[in-house]
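Everything quoted here is computed from the prediction, not taken from an experiment.
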Amino acid sequence: QVQLVESGGGSVQAGGSLRLSCAASEYTYSILCMAWFRQVPGKERERVAVIDSNGFTRYVDSVKGRFTISRDNAKNAQYLQMNSLRPEDTAIYYCAAVRSIICLGRTNFDYWGQGTQVTVSS
């Protein structure tokens, strides 16, 4: 069982930046696929970004050019750098992981963090 703990959420004005971190309880080199999701109350959870074991990434169109996902296997962590934040980015952000080589196109993950709130004011 992999435990994931997010940090770095908070409140920021539109145009600002935040960096989310996700610490994993075991070596992330064995966790082949990692991702960030977000959810607004009353809406479905949305996959924001995903990264595979080779560092290949994929983003939802609404964050392309503004968000960057990365991972550091030496630190058992993944990150989401969020720049040029907009009010519509306001959500609870979740770290997710799965031991699978099928990665960039998947939305089902086995392990989830507790979530961290990101609030962007206009």
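Between the CE atom in Met34 and the OH atom in Tyr111 there is a gap of 11.5 Å [rounded to 0.5 Å]. Interatomic distance, CG of Leu104 versus SG of Cys33, reported as 7.0 Å (0.5 Å rounding). The CD1 atom of Ile101 sits 7.5 Å away from atom CG of Leu32, with the distance rounded to the nearest 0.5 Å. To the nearest 0.5 Å, the span separating CD on Glu46 from OG1 on Thr107 amounts to 12.0 Å. Here the straight-line distance linking atom CD1 of Ile51 with atom CZ of Arg58 works out to 13.0 Å at 0.5 Å rounding.
Heavy atoms only, all atoms of each residue included: Arg66 and Ser84 are closest at NH1-O, 2.9 Å. Of all non-hydrogen atoms in Thr90 and Val40, the two that sit nearest each other are O-CG2, 3.3 Å. Scanning both residues, Gln114 and Val5, for their nearest heavy atoms gives OE1-CA, 3.8 Å.
Between Trp36 and Glu6 the shortest side-chain heavy-atom distance falls below 4.5 Å. Residues Glu88 and Val120 fail the side-chain proximity criterion, which asks for heavy atoms closer than 4.5 Å. Annotation: side chain of Gln78 is in contact with side chain of Cys95 (closest heavy-atom distance under 4.5 Å). Between Asp89 and Met82, every side-chain heavy-atom pair lies at or beyond the 4.5 Å cut-off. Side-chain contact check for Ser17 versus Asn83: some heavy-atom pair is nearer than 4.5 Å. Thr68 is listed as a side-chain neighbour of Tyr59, based on a closest heavy-atom distance under 4.5 Å. Counting heavy atoms from C-beta on, the side chains of Arg38 and Leu80 never come closer than 4.5 Å.
A continuous path of ILVMFWY side-chain contacts below 4.5 Å connects Val50 to Phe56, so both sit in one hydrophobic cluster. In terms of hydrophobic clustering, with Ile, Leu, Val, Met, Phe, Trp and Tyr side chains grouped at heavy-atom distances under 4.5 Å, Leu18 and Leu4 are assigned to a common cluster. Connection of Phe37 to Val2 is not established within any shared hydrophobic cluster, with ILVMFWY side chains joined at heavy-atom distances below 4.5 Å, either directly or through further cluster members.
Remark: Ile102 CD1 is loosely packed, at most 12 non-hydrogen atoms of other residues, nucleotides or ligands lying under 6.0 Å away. Within 6.0 Å of CD in Gln3 there are 12 or fewer heavy atoms belonging to other residues, nucleotides or ligands.
Of the residues listed (Val60, Leu85, Thr57), the one engaging Phe67 in a side-chain contact (heavy atoms from CB on, under 4.5 Å) is Leu85, and it is the only one.
Aromatic ring orientation, Trp112 versus Tyr94: perpendicular (interplanar angle above 60°, classes split at 30° and 60°).
When atom types are taken as modelled, the side chain of Arg71 and the backbone of Asn73 share no donor-acceptor pair closer than 3.5 angstrom. Arg86 places no side-chain N or O within 3.5 Å of a backbone atom of Val63 that could act as its donor or acceptor partner. No side-chain donor-acceptor contact under 3.5 Å links Thr116 to the backbone of Tyr93.
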